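Have a look at the structure below, then the notes.
Computed from a predicted structure; not experimentally measured. Every number for a ligand or one of its atoms is a count from 1 in the order of the listing. No hydrogens, no waters, no symmetry mates; every other heavy atom, side chains included, goes into these values. Each residue takes its place number in the sequence, starting with 1.
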Amino acid sequence: MIILAIETSCDETAISVVKFSGGKTKPKTTVLSHLISSQAKLHAEWGGVVPMLAKREHMKNFTPLLVEALTQAKLLKQNKTNPPTGGETISPATKNKIQKILDREPELFAELIKVLNTTKIPKIDAIAVTSGPGLEPALWVGINAAKALAIAWQKPLVPVNHMAGHIYAVLANAKNKIAFPAVALLVSGGHTELVQIKDYLKHKIIGQTRDDAVGEAFDKVARLLDLPYPGGPEISRLAKDHQVLRENLAQTGEASRATFQQKSMRVLEEQLGDLKLPRPMIHSGDLDFSFSGLKTAVLYLTKKLKEENNWNDQIKAAIAHEFQAAAVEVLVYKTLKALEKTKAKTLIVGGGVVANTELRKVLTEKVTAKFPTVNLLLSDTTLATDNATMIAIAGYLSMTTKSASRRIPPLAKIKAQGNLVLK
Ligand code: KG4
Ligand code: ZN
C-alpha cells in the first residue's frame, strides 16, 4: 500500500509518500519521499506562529512540494494525451467540485489544476491528512488540498490525528516493535500528554498539562533569554555550553579558577551558585503537568538580573541549563510513574521536544535502571518534529485496523478540528 500524506497543522508544510507492507502486526515502512518546508524563519520575526501567515505559506508551498514529493517517489508521469493547445483532461464536473472545495484558496486551486491537467493519476492507494489538533486556518489548507486530490484521483482520504502521528512515528524504524500495553509521552509545542495505549490506535490520556505545553515553555523561556523562535533547540544549545563550562570548572579545580576572573563568571558563581527553579507539580500525586509557573519563575529571575545589571551570555546559559533540567526532571518523573501505574511493556516518546538531547539521555538512563524490561522507543530526531511520514504511518494503521466507515468518512465530514483529542 502506498500512501501520500499531508501535514499542515502548524508552521511546517509537509508531504511524504510512504510504502507499507506487513499489516498492523508487522508494519514495514519504506519512505519514498519525505519533504518539509519550514516557515519557522518567517514566524521568528513575530516571536511565534501567526495562523493566517501560516495559512498563506501553506497555500504557496503546497503544489511545488506535491510535485517534488511525487517526483522523488517516481510516481509523477506526464500526461502525453494532454493536447499541446492547453486542453484539459480533468472533466468540467470534477473541476467544478474541486473549485468549490478550494473556494477560499483560489491560488492553490489554479496551481493544482495545472498539475492535475498535465499529469497522470499517480499509483498510490490512499491519501492521509492531518485533521487536528492544530491551527484551524493552517489545517484547512491541507484538508482542502487533500480533498481536491481525492476527488481528482478517486482515492480514499483518511483523516489522521496529529498526535497519533507523533506516537507511531517510531515505526518508521524497522527495528522498533510496539508490545502492548504501551505508554506514550508526547511532548510538542502544543501538547504535553501521557497516553495509555491498549492496542494500535486505542488511546487514553492519563496525564496532561494544565497550562502551557513543554515546547511552548521552551519557546517562551527562549524569548526571555533573547533567543529566536523556535526556542527549544536554542535553549538546548545554551544549556550544553553551560554544562561544558561546569565540567571544565570541576576538572580544573581551584588552581585554575584564577583564569575565570571575569566579572561575569564571579557573578555567575555568586548569584547563581544555588540557582534552583521549581519542579512544578512533581509531587502532585497524579500524572498531570504544569509549565507556566516555571516560565514565570524565569521571568522574575531575568527581571531581577537585568535590574542588577547582571545580564550576559554566561548567565543566560546558566538559566537555560537549569530550566531544561527542571523541565526534563518533571517529564521523566511523571513518565516513570505512568510506567509503574500501567505496567506498560513499551514506552514511546514523540513530539518536537524529543529532539532534546538531555531529555533523551535522562529518560534512557532512568528507564534502563528502573524498568529494564520496558522497551524504550524514542522517535528519531528527524521524525520528532512535525513531518508527514508520521501522518502516513498513522494513516496506514487506520487503514489496517479501523472499519471501512470509520477510517474513510465521507469527504464532507472531514473537517479541521483545532482541539481534536486523542482517543
Ligand atoms: O511537534 P512539533 O514539531 O510541533 C508541534 O506539534 O507543536 O514541536 C515543536 C516544539 C517547539 O516548541 C520547539 O521549541 C520544540 O518542539 N523543540 C525542542 C527541541 N527541538 C524542537 N525543544 C527542546 N529541545 C529541542 N532540541
Ligand atoms: Zn507536532
[X] versus ligand 1: do any nitrogen or oxygen atoms come within less than 3.5 Å of each other?
X    : result
H166 : yes
G351 : no
G352 : yes
P230 : no

*Examine all N, O or S atoms of C10, backbone included, and report whether one is under 2.8 Å from the Zn ion (ligand 2).*
no
Name the closest protein heavy atom to [atom], giving the residue it belongs to and the distance to 0.1 Å.
atom                    : result
atom 13 (C) of ligand 1 : D219 OD1, 3.8 Å
atom 7 (O) of ligand 1  : G189 N, 2.8 Å
atom 3 (O) of ligand 1  : D386 N, 3.0 Å
atom 15 (C) of ligand 1 : V353 CG2, 3.9 Å
atom 18 (C) of ligand 1 : G232 CA, 3.5 Å

*Could you establish whether Q324 and ligand 1 come within less than 4.0 Å of each other, counting only heavy atoms on the residue side?*
no
*Contact between C10 and ligand 1, counting heavy atoms under 4.0 Å?*
no
